[in-house]
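Shown next, in structure tokens, is the structure this report addresses.
The sequence lines fix the lettering, A, B, ..., with proteins before strands; numbering per chain opens at 1. Atoms considered below: every heavy atom in the structure, side chains included; atoms not considered: hydrogens, waters and symmetry mates.
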Amino acid sequence: MLTAHNIGKKRDGRLILNSIDISIEPSSIVSLIGPSGAGKTTLLNVLSGVDAPDSGEVRVDDKVLSHPSPRVAMVFQQLFLWPHLTLWQNITLAKLSTKDEIAELVAALGMEAFIDRYPNQTSLGQRQRAAVARAIALKPKYLLLDEITSALDIEQIERVAALLEKLRASGVGILLVSHLINFAKRVSDHIVFMDGGAVIERGDKKLISNPQEQRTKEFLKFF
Amino acid sequence: MSVLGILVNYYPTLLGGLLVSVELFLSVSVLGIVLGAGFGVLGARNPTAGAVVKTASFIVAGIPLLVLLFWFYYPFQSLLGILISPFLTAVLTLAIVNIAAIAELVRGVLTDFPKQYIVAAQMAGLSSNDIFRRIQFPMIFRQIIPSVLTTQLFILQATLFASLISVPEIFRVAQNLNAVLYRPVEIYTTLAIFFMLVLAPLYYLAYVLRERFTRDFSER
């Protein structure tokens, strides 16, 4: 299990994360929802070992996570595909999956037509799929996805959803940040609502249609 | 005497000047790139060294090259009571300008390198050595090479200033030749065409490299 206990994080003297407890079980999908600036991306950075928390700790299967590793792969909101490598080279660089496995992944995400292009020769939606493929090719135990569907059309979102469900079935634990509430509802086992650097409410996917906390209700009334 | 006649009759003189120019340029370029890269890396790693590099580059950029050249040629040597040859004075002056420019360029690119590209590589399980070899070096090299090339082309043009402190480089030789033959149209046109043939393709190369490489960063 990927667990974070009592996570606190300050930036420029401002509290970004306040005593967050969260866990992701293998074979499950957790969606993290909330307004912009709630601290979702900062939490993902801490959970992936990219940023160290100011308080609390992150454990992966009972071992403290202190640095980024393929065990907890993350897709950044800004993607950070290496610009001097083609999408195929980006995905295969780590050599943690075989070429056949990666070819299968490329097909599942419908990327065959542009896989040999450089990132700057592709659209944002194509780059988002490449970044997802790069993370999955690391064969992570846990996968953290930050707004990976923002530039995808409904067909592509469906492809990604099918892939995430397949990964869940194979034992991967997934934490997903998305503003697409329907997508979150469609794929998630658990929903966590965050605001102001704190977890306001958590529950199963019924939370979306039946929130209990006032702040969650306010946020979801537009849905 | 035609342009061809001047080239045929005086090519040993012109070639001599050209060799001095090449020697001057290569000395300044090698010193600038090696020491400038060294100071730039130091400046990116150490904040104090970074401030020194930044300040030095502002100061050097703030003094016109010609003033700097004459300052090193007259007051500097007179203050220290030493005598340095015009060639070495030109090397010293142009090298200082080149070192300052390259150091600031390298410092800036290293300091601004988006750390997330390295984080993504760490996440992929790459070793530090592989991260430098496969990610950092190629990205930095591609970003920096067009600017380094442009700076060196500026330095190449600036070597002509050395003629003003009697360094017998190509422009000085051309001036001397004109003093004897009085054929300014032919001599200076030949010189202009020569420099254009050398510099224009190199400027175009810098442009192509910039277009090809630096736009890779546009999706930051």
Side-chain angles (χ1 to χ4, degrees), chain A residues 41 44-52 65-87 89-97 117-128 130-131 133-144 146 151, chain B residues 37 40-41 44-45 47 50 105-150 204-220:
Chain A
T41 296
L44 255 61
N45 282 336
V46 170
L47 291 176
S48 61
V50 172
D51 276 346
L65 181 74
S66 55
H67 58 273
S69 95
R71 285 183 303 162
V72 184
M74 176 165 166
V75 177
F76 300 93
Q77 201 171 349
Q78 298 93 335
L79 308 177
F80 295 108
L81 292 170
W82 300 300
H84 61 296
L85 302 177
T86 64
L87 299 187
Q89 289 167 334
N90 262 277
I91 300 166
T92 53
L93 186 67
K95 295 189 175 75
L96 296 174
S97 291
R117 291 189 199 156
Y118 287 91
N120 68 326
Q121 297 170 326
T122 57
S123 71
L124 178 58
Q126 290 171 333
R127 290 201 295 274
Q128 279 186 336
R134 181 174 72 171
I136 294 173
L138 301 177
K139 294 189 170 171
K141 295 187 83 171
Y142 299 94
L143 186 58
L144 313 179
D146 195 359
Chain B
V41 171
R45 289 188 176 169
L105 199 63
V106 170
R107 188 201 65 77
V109 169
L110 289 178
T111 308
D112 293 344
F113 188 83
K115 308 283 182 292
Q116 290 88 339
Y117 287 119
I118 297 169
V119 169
Q122 288 169 337
M123 199 169 274
L126 266 62
S127 66
S128 307
N129 191 23
D130 275 346
I131 291 174
F132 179 75
R133 201 170 54 84
R134 305 292 300 272
I135 306 295
Q136 270 180 297
F137 181 74
M139 283 178 69
I140 288 170
F141 183 77
R142 280 156 195 252
Q143 202 189 4
I144 213 168
I145 204 71
S147 301
V148 169
L149 187 54
T150 312
Y204 182 68
L205 176 67
Y207 169 79
V208 169
L209 291 175
R210 194 180 299 278
E211 279 291 294
R212 186 164 166 200
F213 291 153
T214 54
R215 71 193 170 118
D216 282 350
F217 284 73
S218 62
E219 56 150 329
R220 264 187 202 173

> Between B/F132 and B/F137, what is the ring plane arrangement, given parallel below 30°, perpendicular above 60°, and tilted in between?
Replying inline: tilted

>> Restricting to side-chain contact (heavy atoms from CB on, under 4.5 Å), what partner residues turn up for A/A52, sequence neighbours left out?
In response: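 A/A52: no side-chain contact (heavy atoms from CB on, under 4.5 Å) contacts found.
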
> Of the backbone (N, CA, C, O) and the side chain (C-beta and beyond), which part of B/L126 lies under 4.5 Å from a heavy atom of chain A, both, or neither?
Replying inline: side chain

> Does A/R134 have any salt bridge (Lys or Arg N to Asp or Glu O under 4.0 Å) partners at least two apart in sequence or in another chain, and if so, which?
Replying inline: none

>> Holding to salt bridge (Lys or Arg N to Asp or Glu O under 4.0 Å), I want the full list of residues that pass it with A/K139, two or more places apart in sequence or in another chain.
In response: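 Once residues adjacent in sequence are excluded, the partners of A/K139 under the salt bridge (Lys or Arg N to Asp or Glu O under 4.0 Å) criterion are A/E101.
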
> What distance do A/L81 atom CG and A/F76 atom CZ have between them, rounded to the nearest 0.5 Å?
Replying inline: 11.0 Å

>> Once rounded to the nearest 0.5 Å, what's the spacing between atom OG1 of A/T41 and atom CD of A/Q78?
In response: 7.5 Å

> When heavy-atom pairs shorter than 4.5 Å are enumerated against chain B, which of A/L96, A/L85, A/L93 gives the highest number?
Replying inline: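 The residue among A/L96, A/L85, A/L93 with the greatest pair count is A/L93.
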
>> With side chain to side chain contact (heavy atoms under 4.5 Å, CB included) as the test, pick out the partner of B/I144 among B/L149, B/V106, B/L110.
In response: B/V106

> For chain B, which residues of residues 65-72 of chain A have at least one non-hydrogen atom nearer than 4.5 Å to it?
Replying inline: A/P68, A/S69, A/P70, A/V72

